[in-house]
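Start at 1 and go down the list; that is how both ligands and their atoms are numbered.
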Amino acid sequence: MQDLPNLILVGPMGAGKSTIGRLLAAELSRDFQDSDHEIQARCGADIPWIFDVEGESGFRQREAQVIEALTEREGVVIATGGGAVLREDNRRRLRERGTVIYLFTTVEQQLKRVAKDRNRPLLQRGDREQLLRDMFALRDPLYRATADVVVRTDRRSPRAVVNEIVRRVERLIDPLQAKA
Ligand code: S3P
């Protein structure tokens, strides 16, 4: 892929955005950027601390600034946090500044992947399954409205998901030359 746009991964917690993003970037010899890592690096504190001290709204503010900065770059692979699509300004930026890939994941799969997680403040507030179901109901339409491509991730290896992303994006960019 030569004239590669930014490839931006959206999707819920436990979708594998960081793992798949890193693999995808290596496959395409591109830089990988992870918005949660960037937020923590800029702030010098981890995400639970930011939520504790500044609340979710403080975190969302920082997240919007980082999305603005990361999407200004060119030809990079970006993994976003699960709540990045909540703000309209983020959704617009993501759509305008890259090809957006929604890593679709079932709540069952998410539950397996985040079972022992202590670093995601939104999951420490009660019945994890119900929290994830409520988030899915709110966010799945937002992920879909933002994405150019939806890729299923449950019960598939990161490598298989990466191969599908590359195929689908090639087809988007150059429908005539891409292999069927
Ligand atoms: C969040 C997801 C997390 C992180 C923060 C909030 C969310 O990122 O940004 O805990 O609102 O879904 P991951 O999707 O990488 O876990």
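Using a 4.5 Å heavy-atom threshold, the side chains of P12 and L132 count as separate. With contacts defined as side-chain heavy-atom distances shorter than 4.5 Å, the pair I8/T99 does not qualify.
For atom 12 (O) of ligand 1, the nearest protein heavy atom (residue, atom name, distance) is R139 NH1, 2.6 Å. Protein heavy atom in closest approach to atom 14 (O) of ligand 1: K17 NZ, 2.6 Å.
In L122, the part holding a heavy atom less than 4.0 Å from any atom of ligand 1 is the side chain. Contact annotation for E56 and ligand 1: no heavy atom of the residue comes within less than 4.0 Å of the ligand.
Under a 4.0 Å N-O distance rule, the pair E68/R97 qualifies as a salt bridge. Comment: E56 engages R60 in a salt bridge, judged by a side-chain N to carboxylate O separation of less than 4.0 angstrom. Using a cutoff of 4.0 Å between basic side-chain nitrogens and carboxylate oxygens, D148 and R168 are not scored as salt-bridged.
For ligand 1, the atoms lying closer than 4.0 Å to a non-hydrogen atom of R120 are 16 (O). Near G81, the atoms of ligand 1 lying under 4.0 angstrom from a non-hydrogen atom of the residue are 8 (O), 9 (O), 14 (O).
Under the rule for a side-chain hydrogen bond (donor to acceptor under 3.5 Å, both in side chains), D127 has no partner lying at least two apart in sequence or in another chain.
Nearest-residue assignment for atom 10 (O) of ligand 1 (options G83, G11, P121; heavy-atom criterion): P121.
One hydrophobic cluster, built from ILVMFWY side chains closer than 4.5 Å, holds both Y143 and L94.
Taking only nitrogen or oxygen atoms, main chain and side chain alike, R60 reaches within less than 3.5 Å of ligand 1. Between D36 and ligand 1, at least one pair of N/O atoms sits closer than 3.5 Å. Checked by distance only, ligand 1 and G82 come closer than 3.5 Å through their nitrogen or oxygen atoms.
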